[in-house]
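Quick notes on the structure that follows.
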Amino acid sequence: MSLVKTEGIVLKSFKYGDSSLIFSLYTRDFGKVKVLAKGIKRAKSRTAPPGTFSLVEVVFYKRERSELHLLSSAETLKSFSGLSKSLNRFSWAAAVSELLDQLIKGEESNPRIFNLSLKTLSRMELTDESNPEKLFWSFALKLSTHLGYKPKLDACINCGKEIKEEEVFFSPERGGVICKKCAKEDEYYLKLSRESYLIARKLLSLDINKADKFPVDKESLEEISELVKSFISYHTGAKELKTLEFLRKISG
Ligand SMILES: [Zn+2]
């Protein structure tokens, strides 16, 4: 057992007994870890329980043969309290943490994913009320890239030629767009308008701090969300996020 110190984003927490909590953290140095905070809910506890999404500096005892480590201390560096002030912001931030929790399998560090997640939450807290959804889909596209399955959107996956059609075919299975000439009749494709296709390319390539400023209409966002969902679920076996189901219900 060794004592380690790192920064982490609180993905979720759940009760353990009467006075303890288990935190699922996405950390800079150890990937996704679970830590047990003994007695943190007691009034006398020296550490206040950090809230969901907050960035914390944690010190914990890392156990070699266990997936549950022991928290020694946690100091909140950034609480992202602005995210809790609107249901819309809060829900899309929850979708970020749920997607990370689903796609990151274990204790493997990936500083690029850590920084992307942090930037996304920071931006979500500050951006206009209508933008968190756009940031989420841009985050999901970038996350797939960092996980090693970047969707190929720049040219046809078969012949490599530029896509010029008004209606663009995307194959979730093959992870990219395909031109009409190369498309096969018995293969499944998602269809996107040319506009949605060009926007998806932008959301994939733009820095996350600029993605929210890029104008996207509602129909395109809907098509892009279908593309990302089908692609991620094909490549990771991930189920639909509970947060997305919830967001759909509240938006009617
Ligand atoms: Zn082609």
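As the structure is a computational prediction, the values presented were derived from the model and not from experiment. Each ligand, and each atom within it, is numbered from 1 in the order the structure gives.
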Q. Counting only heavy atoms not in Lys134, do more than 12 fall under 6.0 Å of its NZ?
A.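 Counting neighbours around NZ of Lys134, more than 12 heavy atoms of other residues, nucleotides or ligands fall under 6.0 Å, so yes.
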**Q.** Enclosure of Glu67 CD (heavy-atom neighbours >12, cutoff 6.0 Å)
**A.** no
Q.
Short of 2.8 Å from the Zn ion (ligand 1), name each protein N/O/S atom, waters not counted.
A.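 Only Cys156 SG, Cys159 SG, Cys179 SG, Cys182 SG fall inside 2.8 Å of the Zn ion (ligand 1).
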Q. Does any N or O in the side chain of Ser233 come within less than 3.5 Å of the main-chain N or O of Gly237, such that one atom is a donor and the other an acceptor?
A.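 No: the side chain of Ser233 does not pair with the backbone of Gly237.
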Q: Answer yes or no: is there a donor N or O on one side and an acceptor on the other, between the side chain of Glu226 and the main chain of Leu190, under 3.5 Å?
A: no
Q: With the side chain counted from C-beta on, respond yes when Asp217 and Glu195 share a heavy-atom pair under 4.5 Å apart, and no when they do not.
A: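 SC-SC contact between Asp217 and Glu195 confirmed.
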Residues 167-181, side-chain donor-acceptor partners within the protein, below 3.5 Å, at least two apart:
| residue | atom | partner | partner atom | Å |
| --- | --- | --- | --- | --- |
| Ser171 | OG | Arg174 | N | 2.9 |
| Arg174 | NH1 | Glu187 | OE1 | 3.3 |
| Arg174 | NH2 | Asn158 | OD1 | 3.4 |

